[in-house]
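Written below as structure tokens is the structure these notes are about.
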Amino acid sequence: MRRMAPLPVSSVLDLAPVVPVVVVEELVDAVPLARALVAGGLPAIEVTLRTPVALDAIRAVADAVPDAVVGAGTLISPAQVSDALAAGARFLVSPGWTDVLLESMRASGVPFLPGVSTTSEVVALLERGVREMKFFPAEAAGGTAYLKSLSGPLPQARFCPTGGIGPANAPEYLALPNVSCVGGSWMLPADAIAARDWDRVEALARQASTLK
């Protein structure tokens, strides 16, 4: 079984301007989907633990797509952290955090992005030595205006905003000094996945990879 060396969280944030947020419904789709995203220039792939095949999908991508940096998202418990690591996840993402979940992710030895949506949560993470975070749900929590407001008093925090972001507003987020990349799923339209149109996924990924 292939296992890649750990990498610092900044490497995940800086691999591409967009981290695809993937919900895998059919295990057979995991590998060709990941290959299409990587071919399009989006190597960091967050597979969310929202379906029964999610862990198997992470395992399949980790084993079969060496150029992919596959991570696990929607983590809400230490048990899920352990399961994701066992499956081969190279980074971890949570929609929010508690001290118990945070310590589990920190102990994992791989990069992690705990979710925040308030200033107090950001300050609490900075207090604990965490500088890289997921801002979620981005649009509902205040969007670019909120993140811009945070950049003054909390310039040391770096964010990957996710939630309500698409090709139209992604550049607005990426232009902010405290945003390193954004998360989204617009390069994975449901009809393309249903048709297994991996060429279209690759083309959309390539467009996303050029965003600034």
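Keep in mind it's a predicted model, so treat the numbers as computed, not measured.
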Original post:
Would V21 and L49 show up in the same hydrophobic cluster when neighbours are defined by side-chain heavy atoms closer than 4.5 Å?
Top reply: no
Subject >> Atom pair CZ (F135) and SG (C160), whose distance is rounded to the nearest 0.5 Å >> reply: 12.0 Å
Subject >> Contact check, side chains of I193 and V201, non-hydrogen atoms, under 4.5 Å >> reply: yes
Subject >> Qualifying side chain to side chain donor-acceptor pair (under 3.5 Å) pairs with a residue from residues 26-47, counting only residues at least two apart or across chains >> reply: D29-R196
Side chains of residues 70-87: which donor-acceptor pairs under 3.5 Å do they make with residues two or more places apart or in other chains?
from : atom 1 : to  : atom 2 : distance (Å)
T74  : OG1    : R50 : NE     : 3.3
S77  : OG     : Q80 : N      : 3.2
Q80  : OE1    : I76 : N      : 2.7
S82  : OG     : P78 : O      : 3.3

Original post:
Can you name the nearest heavy-atom pair linking R206 to A39, along with the distance?
Top reply: NH2-O, 3.4 Å
Original post:
Below 4.5 Å, heavy atoms only, C-beta onward: do V116 and W97 meet side chain to side chain?
Top reply: yes
Subject >> Gap between atom CE of M105 and atom OG of S108 - 0.5 Å precision >> reply: 8.0 Å
Original post:
What pair of heavy atoms forms the shortest contact from A57 to V47, and how long is it?
Top reply: CB-CG1, 4.5 Å
Original post:
CG of L92 to NZ of K134: how many Å apart, nearest 0.5 Å?
Top reply: 12.0 Å
**OP:** State, with a plain yes or no, whether a side-chain heavy atom of P189 is found less than 4.5 Å away from one of R200.
**Re:** yes
Subject >> Single-linkage hydrophobic cluster V28~V31, side-chain heavy atoms < 4.5 angstrom >> reply: no
**OP:** Go through the structure and list residues passing side chain to side chain contact (heavy atoms under 4.5 Å, CB included) with E25, not counting sequence neighbours.
**Re:** V23, T51
Original post:
Do V12 and R90 touch side chain to side chain, with heavy atoms closer than 4.5 Å?
Top reply: no
**OP:** Quick one: which residue pairs count as a salt bridge (charged side-chain N to carboxylate O under 4.0 Å, His left out) with a foot in residues 117-126, not counting sequence neighbours?
**Re:** none
Considering only distance and modelled atom types, tabulate donor-acceptor pairs under 3.5 Å from the side chains of residues 162-175, sequence neighbours left out.
from : atom 1 : to   : atom 2 : distance (Å)
N169 : OD1    : G166 : N      : 2.8
N169 : ND2    : G164 : O      : 3.2
Y173 : OH     : E139 : OE2    : 2.3

**OP:** Return yes if some donor-acceptor pair links the side-chain N/O of S180 with the main-chain N/O of F159 below 3.5 Å, else return no.
**Re:** no
Original post:
Between C181 and P161, which heavy-atom pair has the shortest distance, and what is it?
Top reply: O-CD, 3.0 Å
**OP:** Of all the heavy-atom pairs spanning L15 and A44, show the shortest one and how long it is.
**Re:** CD1-CB, 4.0 Å
Original post:
V24 versus V61: any side-chain heavy-atom pair under 4.5 Å?
Top reply: no
Original post:
Which distance, rounded to the nearest 0.5 Å, do you find between the CD of Q207 and the CE of M187?
Top reply: 10.0 Å
Subject >> Beyond-backbone contact of R131 with R158, side-chain heavy atoms, under 4.5 angstrom >> reply: no
Original post:
Applying the 4.5 Å side-chain criterion to the ILVMFWY set and letting contacts propagate, would L150 and F136 be lumped into a single cluster?
Top reply: no
Subject >> Residue pairs fulfilling side chain to side chain donor-acceptor pair (under 3.5 Å) with at least one residue in residues 141-154, sequence neighbours excluded >> reply: T119-Y146
Subject >> Nearest-0.5 Å distance, CG of residue L101 to CZ of residue R106 >> reply: 11.5 Å
**OP:** Quick one: pull up CG in L154 and CG in N178 and give me the separation to the nearest 0.5 Å.
**Re:** 9.0 Å
Original post:
Between A208 and P17, which heavy-atom pair has the shortest distance, and what is it?
Top reply: O-CG, 3.6 Å
**OP:** Grab the two heavy atoms, one from A16 and one from P43, that are nearest each other, plus how far apart they are.
**Re:** CB-CD, 4.1 Å
Subject >> Note, V122 side chain near Q156 side chain (heavy atom, < 4.5 Å) >> reply: no
